[in-house]
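Input: a single structure, listed below in structure tokens.
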Amino acid sequence: MNWILLVIAGLFEVAFAFCLGKAKEASGVAMWSWYAGFLACLTVSMVLLVKATKELPIGTAYAVWTGIGAVGSVLVGILVFKEPATFWRVFFISTLIISIVGLKVVAE
């Protein structure tokens, strides 16, 4: 169950990065709405991370959480914000995914 909470926390980290990207593109009320979404996603992400780390090793949990956020944010950047998908970006994101899976496999 803690791993599920951790994955959901990581997905909310991706969501708050998405909200920041959308806020950058918006203005006025829309911009502030995206910032409110950012704060809501940030809060949910942190609360779930805290709950998950009550049972999981902090080093592993934090690395997985940030890894999910990093991979997800790059994918959102590529798919939504039309950032370049160069060979090296995809290569290093792939190595990050392999590392996250490896941490999960060796965690107690």
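On a predicted model such as this, the values are computed, not experimentally measured, just so you know.
Closest non-hydrogen pair, Ala61 versus Leu49, comes out as O-CD1, 4.3 Å. Taking all atoms of both residues into account, the shortest heavy-atom contact from Leu79 to Lys82 is O-NZ, 3.4 Å. Ala15 and Cys41 make their closest contact through CB-SG, 3.6 Å (heavy atoms, listed as atom of the first residue, atom of the second, distance). Residues Arg89 and Pro84 approach most closely at NH1-O, 2.6 Å, considering heavy atoms.
Linking ILVMFWY residues whenever their side-chain heavy atoms come closer than 4.5 Å, directly or via other members, leaves Val50 and Tyr62 in distinct clusters. If you chain together hydrophobic residues whose side chains sit under 4.5 Å apart, Met31 and Phe16 fall into the same group. Side-chain heavy atoms closer than 4.5 Å link hydrophobic residues (I, L, V, M, F, W, Y) into clusters, and following such links, even through other members, never connects Leu75 to Val90. Under a hydrophobic-cluster definition in which Ile, Leu, Val, Met, Phe, Trp and Tyr are linked whenever side-chain heavy atoms come within less than 4.5 Å, directly or via other members, Ile8 and Val71 are assigned to different clusters. A continuous path of ILVMFWY side-chain contacts below 4.5 Å connects Val7 to Val64, so both sit in one hydrophobic cluster.
Taking the centre of each ring, Trp34 and Phe38 stay at or above the 6.0 Å mark.
Residues Tyr35 and Leu20 are in side-chain contact: their nearest non-hydrogen atoms beyond the backbone lie under 4.5 Å apart. Contact of the Lys51 side chain with the Val47 side chain is registered, since non-hydrogen atoms from C-beta on lie closer than 4.5 Å. Two residues are said to be in side-chain contact when any heavy atoms from C-beta on lie closer than 4.5 Å; Leu48 and Trp65 fail this criterion. Within the 4.5 Å cutoff, no side-chain heavy atoms of Phe92 are placed close to those of Leu96.
The backbone N or O of Val14 sits nowhere less than 3.5 Å from a side-chain atom of Ser73 that would complete a donor-acceptor pair.
Atom CD1 of Ile78 and atom CD1 of Ile93 lie 7.5 Å apart (nearest 0.5 Å). In this structure, Leu6 CG and Leu11 CG are separated by 10.0 Å, a value rounded to the nearest 0.5 Å. From Lys54, atom NZ reaches atom CG of Leu5 across 11.0 Å, with rounding to the nearest 0.5 Å. Phe12 contributes atom CZ, which lies 13.0 Å from atom CD1 of Ile68 (distance to the nearest 0.5 angstrom). The distance from the CH2 atom of Trp3 to the OG1 atom of Thr60 is 6.0 Å, given to the nearest 0.5 Å.
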